[in-house]
K.L.:
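This is the structure I have questions about; it appears just below.
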Amino acid sequence: MVRNKKRDRISNLPDHLVSHILSFLTTKEAVATSILSSRWKTLWTLVPSLDLDEDEFEWILSDEKQNRKKKKWDDWDGWVCPSGFTFVQIVSKIWALRNAYPLQKFYLNLLYDCDTIHVDKWVSTAITSDLEELTLNICPNLPFDIPSTLFNYCKTLVDLRLYGNIIVDPPPSSLGFPSLKILHLLGVQYANHDSFSRFLTCCPILEYLCLEVIEMGEECNFIITLPTLKRLDFNMQDFLSRLEINAPALQYLEFVGFLHKVVLLENLSNLVQAVLFVSHDSEENDNEDYGNRVMDFIRALYNVKSLHLDSFTTECLCNVPEFDPPMFHNLAFFNFGFHSSIPHVLPLLLQRAPQLAVLTLNRDKSHLHSTSEQESLKWNFYEYVPKCLSSHLTAFQFKGFKGQKDELELIGHILQMARILKTMTLSSDPSTEKEKIRVLKELVMFPRHSSTCQITFH
């Protein structure tokens with residue numbers, strides 16, 4: 001009887017299929033397959049993706065460097081992997097072995113001290129007419145200028161992500177990115193006040209923009225006028241920047257940071273979800289003016305179905321002297337953050353959200369607020385109960401619930417007013433089991449307008 005020998009089916013596949021399989025591995029893992037056999041020795045060089053990540057190499061200081069007299073960090077140049085080669089040497093070797101095969105994906109992560117000369121060489125080599133995805137996460141000693149060839153020869157680029165000490169300055173004659181749909185610009189610098197705006201003109205079909213603006217030092221215009229944009233994640237950590245958003249197709253907006261005095265939002269009628277983490281400007285002397293800016297920002301979100309306001313945002317709204325929110329006719333999900341007491345603005349917001357189905361109150365535990373924890377949580381409903389509570393609210397959640405008297409009174413009001421409420425979830429961490437039992441007993445005794453409401457206490 002002849003024993004069937006196990007066959008290496010993968011090795012019998014054609015080169016283009018093997019390279020496709022290797023593309024699901026990291027470059028470090030793909031290179032490691034070269035030791036399998038002579039046939040596998042160069043297959044990794046056919047992979048159309050290259051990720052050069054210094055974190056993939058277990059960096060240590062060479063023994064020679066460790067034995068030297070201690071030097072300043074700025075003087076260290078001995079970062080090497082266990083093989084004894086520096087990251088630059090390894091990358092240079094990889095490029096040499098690839099024999100200039102065109103890339104579709106290129107990823108470079110180099111956060112330690114790196115020379116812009118090497119970075120420029122690698123990036124310029126990666127830029128080809130076939131490139132579809134490019135990610136640069138770098139922190140060189142000197143700012144890195146994006147090669148002008150990127151703006152003229154990457155017609156197939158779909159995904160571009162730039163992080164770190166990078167200068168963005170599109171050339172005047174840029175051909176742009178006719179295929180680009182995803183753009184991340186995090187912590188980069190702009191050559192002048194309109195560099196960002198000129199960059200966006202190069203992206204006619206952009207759908208997702210993720211933007212982080214650090215302190216610029218001088219005013220910069222962030223004018224986002226994109227008819228195809230569907231998602232915008234904006235982190236604004238700068239006080240001098242002008243912000244304009246005109247995006248009729250936008251469906252998701254997340255804003256984190258500070259609001260400049262010049263903020264203009266237009267054509268957001270298709271917005272579905274908005275998440276706001278507006279930071280309070282400690283240097284802003286006029287809290288009323290800043291609160292009005294936040295209110296104007298929220299007015300432009302009138303058509304959303306889901307709205308999340310963090311505790312700092314609602315605190316800013318409390319400084320508005322004549323709080324007059326818009327009608328949120330489509331709002332179904334509302335997450336309202338607060339510190340120690342529920343602001344007076346919540347009942348007004350609920351009155352302007354007649355279709356609200358899910359309400360979440362989220363107490364911010366991380367913020368050390370100046371007000372007392374004993375402040376009243378009593379709900380001021382003015383002259384009538386909001387329509388949403390009596391006819392549409394089906395789910396209510398209270399995160400950070402402590403079981404205090406005023407909180408329980410608030411819960412009682414909700415149970416009495418919510419006619420079709422199905423679930424009430426209270427998330428807390430009682431100090432003792434005895435305290436938990438006490439709270440549960442009180443919850444059970446509360447009268448409920450909805451006979452089907454189920455109370456869950458975590």
Side-chain angles (χ1 to χ4, degrees), residues 134 146 150-151 157-163 166-172 174-279 293-304 306-308 313:
L134 173 62
I146 294 293
L150 177 69
F151 296 90
L157 196 63
V158 176
D159 189 331
L160 175 61
R161 308 184 187 215
L162 305 177
Y163 311 83
I166 298 173
I167 296 180
V168 173
D169 188 22
S174 172
L175 298 178
F177 309 104
S179 303
L180 193 67
K181 293 185 177 181
I182 301 173
L183 176 61
H184 288 214
L185 299 173
L186 304 185
V188 303
Q189 298 293 319
Y190 301 93
N192 51 61
H193 70 281
D194 66 341
S195 294
F196 171 79
S197 301
R198 287 191 290 109
F199 195 113
L200 286 194
T201 61
C202 301
C203 314
I205 65 168
L206 194 66
E207 296 182 359
Y208 177 26
L209 174 61
C210 184
L211 185 65
E212 179 187 54
V213 179
I214 60 175
E215 188 172 349
M216 303 298 296
E218 60 182 27
E219 185 170 336
C220 185
N221 296 327
F222 291 90
I223 301 175
I224 303 172
T225 303
L226 291 168
T228 58
L229 191 66
K230 295 180 180 179
R231 173 168 180 151
L232 173 60
D233 295 347
F234 200 158
N235 189 328
M236 172 68 79
Q237 301 300 323
D238 178 63
F239 298 97
L240 299 176
S241 299
R242 176 188 178 96
L243 172 62
E244 294 184 18
I245 301 176
N246 188 328
L250 194 66
Q251 298 176 3
Y252 179 91
L253 170 64
E254 180 173 316
F255 182 88
V256 180
F258 302 94
L259 288 176
H260 186 261
K261 291 185 178 180
V262 181
V263 178
L264 181 60
L265 306 183
E266 295 180 315
N267 293 331
L268 301 181
S269 59
N270 287 312
L271 195 63
V272 176
Q273 184 175 1
V275 180
L276 301 186
F277 297 88
V278 178
S279 300
R293 283 184 236 165
V294 178
M295 188 67 258
D296 289 341
F297 194 103
I298 291 177
R299 283 197 179 97
L301 313 178
Y302 66 92
N303 211 41
V304 294
S306 176
L307 180 62
H308 180 114
T313 305

K.L.:
Please list all pairs meeting salt bridge (Lys or Arg N to Asp or Glu O under 4.0 Å) that have one or both residues in residues 243-259, counting only residues at least two apart or in different chains.
P.N.:
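Every salt bridge (Lys or Arg N to Asp or Glu O under 4.0 Å) pair that includes a residue of residues 243-259, provided the two are not neighbours, is Arg242-Glu244.
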K.L.:
Evaluate the criterion side-chain contact (heavy atoms from CB on, under 4.5 Å) for residue pair Phe234 and Leu209; output intermediate values, then yes/no.
P.N.:
CA-CA 8 Å; Phe234 200 158; Leu209 174 61; over 6 Å; no
K.L.:
How long is the span from the CG atom in Leu307 to the CG atom in Leu253, to the nearest 0.5 Å?
P.N.:
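Spacing of CG (Leu307) from CG (Leu253) equals 10.0 Å.
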K.L.:
Which pair of heavy atoms, one from His260 and one from Arg293, lies closest together, and at what distance?
P.N.:
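Minimum heavy-atom contact is O-CD, 3.6 Å.
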K.L.:
Checking Thr228 side chain against Leu206 main chain: does a donor-acceptor pair fall under 3.5 Å?
P.N.:
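Yes, the answer is positive, given that a donor and an acceptor are paired below the 3.5 Å cut-off.
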K.L.:
Find the distance between CD1 (Ile166) and CD1 (Ile146) and round it off to the nearest 0.5 Å.
P.N.:
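These two atoms lie 5.0 Å from each other.
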K.L.:
Can you measure from CD1 (Ile245) to CG (Leu229) and round to the nearest 0.5 angstrom?
P.N.:
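Result: 9.0 Å between the selected atoms.
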K.L.:
Taking all heavy atoms of Pro204 and all of Pro178, pick out the closest pair and write down the distance.
P.N.:
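Closest approach of Pro204 to Pro178: CG-CA, 4.1 Å.
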K.L.:
To the nearest 0.5 Å, how far apart are CG in Asp159 and CD1 in Ile182?
P.N.:
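Between Asp159 CG and Ile182 CD1, I get 4.0 Å after rounding to 0.5 Å.
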K.L.:
What closest approach, in Å, do Phe255 and Leu243 show between heavy atoms, and which atom pair accounts for it?
P.N.:
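Shortest heavy-atom contact: CE1-CD2, 4.0 Å.
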K.L.:
Indicate the atoms forming the closest heavy-atom contact of Ser195 with Asp169, along with that distance.
P.N.:
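Smallest heavy-atom distance, with atoms named: OG-OD1, 3.7 Å.
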K.L.:
Not counting sequence neighbours, list each pair that qualifies as a salt bridge (Lys or Arg N to Asp or Glu O under 4.0 Å) and has a residue in residues 182-196.
P.N.:
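Of all non-adjacent pairs touching residues 182-196, those that pass salt bridge (Lys or Arg N to Asp or Glu O under 4.0 Å) are Asp194-Arg198.
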K.L.:
Is the ring pair His308/Phe277 parallel, tilted or perpendicular, if the boundaries are 30 and 60 degrees?
P.N.:
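Ring orientation, 0 to 90° scale: tilted.
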K.L.:
In chain order, what residues pass the salt bridge (Lys or Arg N to Asp or Glu O under 4.0 Å) check against Arg231, with sequence neighbours excluded?
P.N.:
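In terms of salt bridge (Lys or Arg N to Asp or Glu O under 4.0 Å), with neighbours along the sequence ignored, Arg231 is linked to Asp233.
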K.L.:
Tell me whether the centres of the aromatic rings in Phe199 and Phe151 are closer together than 6.0 Å.
P.N.:
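Centroid separation for Phe199 and Phe151: below 6.0 Å.
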K.L.:
Roughly how far, to the nearest 0.5 Å, is the SG atom of Cys203 from the CG atom of Leu157?
P.N.:
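These two atoms lie 9.0 Å from each other.
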K.L.:
With under 30° as parallel and over 60° as perpendicular, where do the rings of Phe196 and Tyr190 fit, or are they tilted in between?
P.N.:
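Phe196 vs Tyr190 ring planes: perpendicular.
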K.L.:
Give the C-alpha distance, both sets of side-chain angles, the deciding distance and a yes or no for side-chain contact (heavy atoms from CB on, under 4.5 Å) between Leu301 and Leu271.
P.N.:
CA-CA 7 Å; Leu301 313 178; Leu271 195 63; 3.6 Å; yes
K.L.:
Looking only at heavy atoms, what is the nearest atom pair of Ile223 and Leu200, with distance?
P.N.:
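In this case the closest contact between Ile223 and Leu200 is O-CD1, 3.7 Å.
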K.L.:
Quick check: closest heavy atoms across Leu226 and Pro248, and the distance to 0.1 Å?
P.N.:
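For Leu226 and Pro248, the tightest heavy-atom pair comes out as O-CD, 4.0 Å.
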K.L.:
Please report the interatomic distance CG(Leu180) to CD(Glu207), rounded to the nearest 0.5 Å.
P.N.:
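Separation between the atoms: 10.0 Å.
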K.L.:
Taking Thr313 for its side chain and Val278 for its backbone only, find out whether a donor-acceptor pair lies under 3.5 Å.
P.N.:
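Answer holds: yes.
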